[in-house]
Amino acid sequence: MLTIALSKGRLAEQTIELLEKAGYDCTAAKEKSRKLILEDTKAGLRFIMAKPADVPTYVEYGAADIGVVGKDTLLEEGKQLYEVVDLGFGKCRMCVCGRTELKGNLDAIPNKRVGTKYPNITRKYFEDVKKESVEIIKLNGSVELSPLIGLSEVIVDIVESGRTLKENGLDVLETIADISARVVVNRVSMKMKANEIKPMIESLRTQADLINKKV
Amino acid sequence: MGNNRFYTPDGFTDTVPGICAFKKQSEAKLRRLFELNGYNEIETTGIEYCDIYTSTSFVSEESLYKMQDSKGRLLCARYDGTVPAARFAATIMREEKTPIRLCYIENMYRYSQIGGGKQSEFTQAGVELLGETGSNSDAEVIALAIRSALELGVKDLQVSVGQVELFNGIVRQFNMEESIVQDLKDAIAAKDSVSIDRVAGKLGLSKDEHQTLSLLSESTGTYEVVDLFENRVTDEGASKALKNLREILNILDDYGFLKYVNIDLGLFGSVDYYTGMIFKGFTYEVGFPIISGGRYDKVVNVFGRDLEAVGFSLGLSLAITALMRQGKKCITGVADAIVGYDNKVEGARSAAIALAEKLRASGSIVILDTAEMNESQLDEYADSRRIGASFYINESNADMGGNN
């Protein structure tokens, strides 16, 4: 039996679709219900529906063998996991954003205040890459508000199309990393359940390659 | 002030009776095993100067439990068994002829680190074989680690063995720049094929060289992995590393332990600590390795004596958690039997004492009732505390000398 932690929402749907294409029976996971654990003993799969930010934790502790989660969450949580497949969907960028007029002038502001849902990524980027100290303000949503209302000078957030930014007079100032959905595996499960996990990784990789080539 | 008096600090738990007894028995088994193999147990101080960890780059400062002595010098709680043992071997045992075999069973203290299932305090049992290089000592330590797990009852065991010098040799062979090596190492360790491909592209490697890097992270097996790489490496250090792995496999085969072993060339450890063979041991039901070991030839040097070293540590708390979740060990009752007696009957007490002693002599854990319970109270008590049997001595059996 393999336990797979899915990130509730669109990412879970896309993952199930891909697993089915790879030949896995995911009837259990498609059941429309509020159940958090969906089990199919015949297929040998158990799905748990978790909040995306918790998926790396479930997998790190071995409560789930496999997880599918965005690279943004992996970077933020910094867990010890095997990161085996880039699924290619859920694509976006982790960026420093701010008012359009700051473009090219970011370094001119001393002691920046940065609003973000990703305090660890933010700290790492400003300390390791830009070699500066910043004041990080942890927010939980609608991060774009913070530079508009004067809570911070810039934000660090994921950018998909950039439309929300534009409509609010903001723009991408710097790109920190490219993001997409990743398959992660617990380090012990990889060894102890290799017979089940390795074929799954292989077929997911094949499916992901097919999709990515089409694009 | 004082509102936390009911609780244990974050990361710390008490050990309840059934588990504590099992843990102590497990410790005794390992202590005996280490002793039988010629490893002398030492106790290092529970508190060290921070310098033993921070003057090297082996441990991140944030994970140490720190305090000060009366002169304001920075101290820390014991973080691991290896560094204190290295200090011990380099200082107290500086005149001893090598090889030196040491072992320890101690509690370790780490801020939110992996190790005890994220516990801050956990027990590790480990050995250090100092002053010897080569495959014989590498294999002895792996074999002893496997034996330790088996001794505890961990039968579903897998041990992955790697060799950090193979990677270092390939880095030289491919002339890689220093700046990219860490990224590549992280990618291989995380089995992150996307990043491996990216780095290979950046380096402009040939298809064959690229494949060598991918194989580092993907290969599993035993001899076939060594064979595979023998055709791919030209660097002298890398070839030596492969020879070392082959010899280790040969020796472990002599122990009959090959079935527990597989090669994983993506094992590097979290810090630049290991200088040769490295290994981790896994079992079901816990998400972290229960065994961690390898060769660290530069650690003792920090303390002023040039001694090579190889060793392992086994996370006892983690292994016990695994056994319980695997259903191989349940929390037992407090005793096998309880003996009570009717105080009003002459000779009942001496019969009860005799019976208790007799049962104890045969290895049973026996409580002699001191609360003067009657027969039904005694049964009820035995029931609620999961005591296997209860014996009550009264006028009907007092003269039987406890032959109940």
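Note: hydrogens, waters and symmetry copies are ignored here, and every other heavy atom, side chains too, is used. So you know, we letter chains A, B, ... as the sequences are listed, proteins then strands, and number each from 1.
Enclosure of atom OH in A:Y58 is not indicated, since only 12 or fewer non-hydrogen atoms of other residues, nucleotides or ligands lie within 6.0 angstrom. B:E224 CD: more than 12 foreign heavy atoms inside a 6.0 Å radius. Other residues, nucleotides and ligands contribute over 12 non-hydrogen atoms within 6.0 Å of the NZ atom of A:K130. For A:E202, the CD atom counts as densely surrounded, since its 6.0 Å shell holds more than 12 non-hydrogen atoms of other residues, nucleotides or ligands. In A:D128, the CG atom is crowded: over 12 heavy atoms of neighbouring residues, nucleotides or ligands sit closer than 6.0 Å. Around the NZ atom of B:K259, the shell of radius 6.0 Å holds no more than 12 heavy atoms that belong to other residues, nucleotides or ligands. No more than 12 heavy atoms of other residues, nucleotides or ligands lie within 6.0 Å of NZ in A:K35, so this atom counts as exposed by the packing criterion. In this structure, B:K23 places its NZ atom where more than 12 heavy-atom neighbours from other residues, nucleotides or ligands lie under 6.0 Å away.
With chain B as the partner, the residue from A:R205, A:R182, A:M192 showing the most heavy-atom pairs under 4.5 Å is A:M192. Between chain A and the residues B:T283, B:N262, B:L157, the most heavy-atom pairs under 4.5 angstrom are made by B:T283. Of the listed residues A:D86, A:V85, A:V185, A:V184, the one with more heavy-atom pairs under 4.5 angstrom with chain B than any other is A:D86.
The distance from the CD atom of B:Q158 to the CE atom of A:M190 is 12.0 Å, given to the nearest 0.5 Å. Rounding to the nearest 0.5 angstrom, the gap separating the OH atom in B:Y284 from the NZ atom in A:K193 is 7.5 Å. To the nearest 0.5 Å, atom CG of residue A:L81 and atom CG of residue B:D192 are 11.5 Å apart. Residue A:K198 holds its NZ atom at 3.5 Å from OG1 of B:T220, rounded to the nearest 0.5 Å. Rounded to the nearest 0.5 Å, atoms OG (B:S193) and CD (A:E83) are 9.0 Å apart.
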TODO: Determine, stepwise, if the pair A:E60 / B:F288 fulfils side-chain contact (heavy atoms from CB on, under 4.5 Å).
DONE: CA-CA 8 Å; A:E60 188 190 34; B:F288 306 100; 4.1 Å; yes

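Only the side chain of A:N186 comes within contact range of chain B, with at least one heavy atom under 4.5 Å from a heavy atom of that chain.
With contacts defined as side-chain heavy-atom distances shorter than 4.5 Å, the pair B:D264/A:K191 qualifies.
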